[in-house]
Amino acid sequence: MNRTPPSARTPTRGIRWLLAVGLTAVLAVITAALGHQGSKSSSSSPSSPSSPSAAPSSHTDRSEHRGALGEAGGVVPDRVTVFDEAIPAVGKLDPDFLKALHQAATAAADDGVEFYVNSGWRSPEYQNQLVREAVSKYGSEEEAARWVATAATSPHVSGDAVDIGHSDATAWLSEHSAEYGLCQIYRNEPWHYELRANAIDRGCPRMYADLTQDPRMQQ
């Protein structure tokens, strides 16, 4: 039986030990690099609690829910009031109409009521999107026409209509709106208001049952 001399075994063990130490060092460097990269990624991620965008505003949520048009097309973020003119859906309303809304909202605030805007000015593209959604929801163009006007006829597109929330605001308006020249136009839409300046002296005109009864929709 042959035995390897001790002098021959010692260098082999030394080489193995050096290889093991070197491999360990390389693995440590790789692990550290990956850990740094992961930390950097998480700190810039929108879902990270430390990121300024960790909690997306309701503006973004509403825009994404409504489609790709966004606020510039008339999508309204949550909790927008008639005073938020930086939002296009409010700022692009007819100036006289917006003035009347401000006056009514100021009076309502004395009664603890705030006017939120669910919808105001809309781009034609946004209006067309709403028409498509209504047809899908109600099952036919005829039924959808009771609730959503075309881009060519909608007073929202011209900046002459606003949908007000919440229920306390529409209840307040049902009693006081004519004092400010604001009128509910459709019986099936207690949230939809337009400017009728003569209402201050004569009261609001009789409401249409729905959009299909409005002569403006027959254009």
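All values below were derived from every heavy atom in this structure, side-chain atoms included, with hydrogens, water molecules and symmetry-related copies excluded. If you're wondering where the values come from, they're calculated on a predicted model, not measured in any experiment.
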What is the distance from atom OH of Y138 to atom CD of E143, rounded to the nearest 0.5 Å? 7.5 Å
Looking at H156, is its backbone amide N or carbonyl O close enough to the side chain of Q127 to form a donor-acceptor pair, meaning the two atoms are under 3.5 Å apart? no
Ion pair R216/E194, N-O distance below 4.0 Å: yes
Checking the side chain of S158 only, and the main-chain atoms of P155 only, is there a donor and an acceptor separated by less than 3.5 Å? yes
Hphob cluster co-occupancy, M217 + L130, side-chain heavy atoms under 4.5 angstrom: no
Please work out whether the ring planes of H166 and Y116 are parallel, tilted or perpendicular, with thresholds of 30° and 60°. tilted
d(L98 CG, Q103 CD) to nearest 0.5 Å is 10.5 Å
Report yes if some heavy atom in the side chain of P205 is under 4.5 Å from a heavy atom in the side chain of C183; otherwise report no. yes
Are F97 and I185 connected, step by step, through hydrophobic side chains (Ile, Leu, Val, Met, Phe, Trp, Tyr) whose heavy atoms are closer than 4.5 Å? no
In this structure, would I87 and V82 fall into the same cluster of hydrophobic residues linked by side-chain contacts under 4.5 Å? yes
Starting at CG of L101, measure out to OH of Y193 and round the result to the nearest 0.5 Å. 11.0 Å
Between S174 (side chain only) and A171 (backbone N and O only), is there a donor and an acceptor less than 3.5 Å apart? yes
To the nearest 0.5 Å, what is the distance between OG (S177) and CD (E175)? 10.0 Å
Under the salt bridge (charged side-chain N to carboxylate O under 4.0 Å, His left out) rule, what do R196 and D160 come out as? Steps first, then yes or no, please. CA-CA 10 Å; R196 298 290 185 271; D160 295 312; over 6 Å; no
Quick check: is Y186 connected to V162 through a chain of hydrophobic side chains (ILVMFWY, heavy atoms under 4.5 Å apart)? no
Is any side-chain heavy atom of L173 less than 4.5 Å from a side-chain heavy atom of F115? yes
Membership question, hydrophobic clusters at under 4.5 Å side-chain separation (ILVMFWY): are V157 and L93 in the same one? no
Which is it for W191 and N118 under the side-chain hydrogen bond (donor to acceptor under 3.5 Å, both in side chains) test, yes or no, and what are the steps along the way? CA-CA 9 Å; W191 53 82; N118 291 332; over 6 Å; no
Can you tell me if Q129 and E125 form a side-chain donor-acceptor pair at under 3.5 Å? no
With a 4.5 Å heavy-atom cut-off, do Q184 and M207 have their side chains touching? yes
Does a side-chain heavy-atom distance below 4.5 Å link N188 with W147? yes
Using modelled atom types and a 3.5 Å cut-off, is there a donor and acceptor pairing between side-chain atoms of T170 and backbone atoms of S167? yes
Kindly compute the distance separating CZ (R146) from CD (Q213), expressed to the nearest 0.5 Å. 9.0 Å
For T153 and A149, indicate whether the former's side chain and the latter's backbone hold a donor-acceptor pair under 3.5 Å. no
Test D96 against L195 for side chain to side chain contact (heavy atoms under 4.5 Å, CB included), laying out the working first. CA-CA 8 Å; D96 291 336; L195 179 65; 4.0 Å; yes
Any non-hydrogen side-chain atom of E189 less than 4.5 Å from a side-chain atom of L211? yes
Is the side chain of D84 donor-acceptor paired with the backbone N or O of V80 at a distance under 3.5 Å, no angle test? no
Within a radius of less than 6.0 Å around CD of Q218, do more than 12 heavy atoms belonging to other residues, nucleotides or ligands occur? yes
Derivation and outcome, side chain to side chain contact (heavy atoms under 4.5 Å, CB included), residues H102 and E85: CA-CA 11 Å; H102 286 175; E85 295 182 52; 3.1 Å; yes
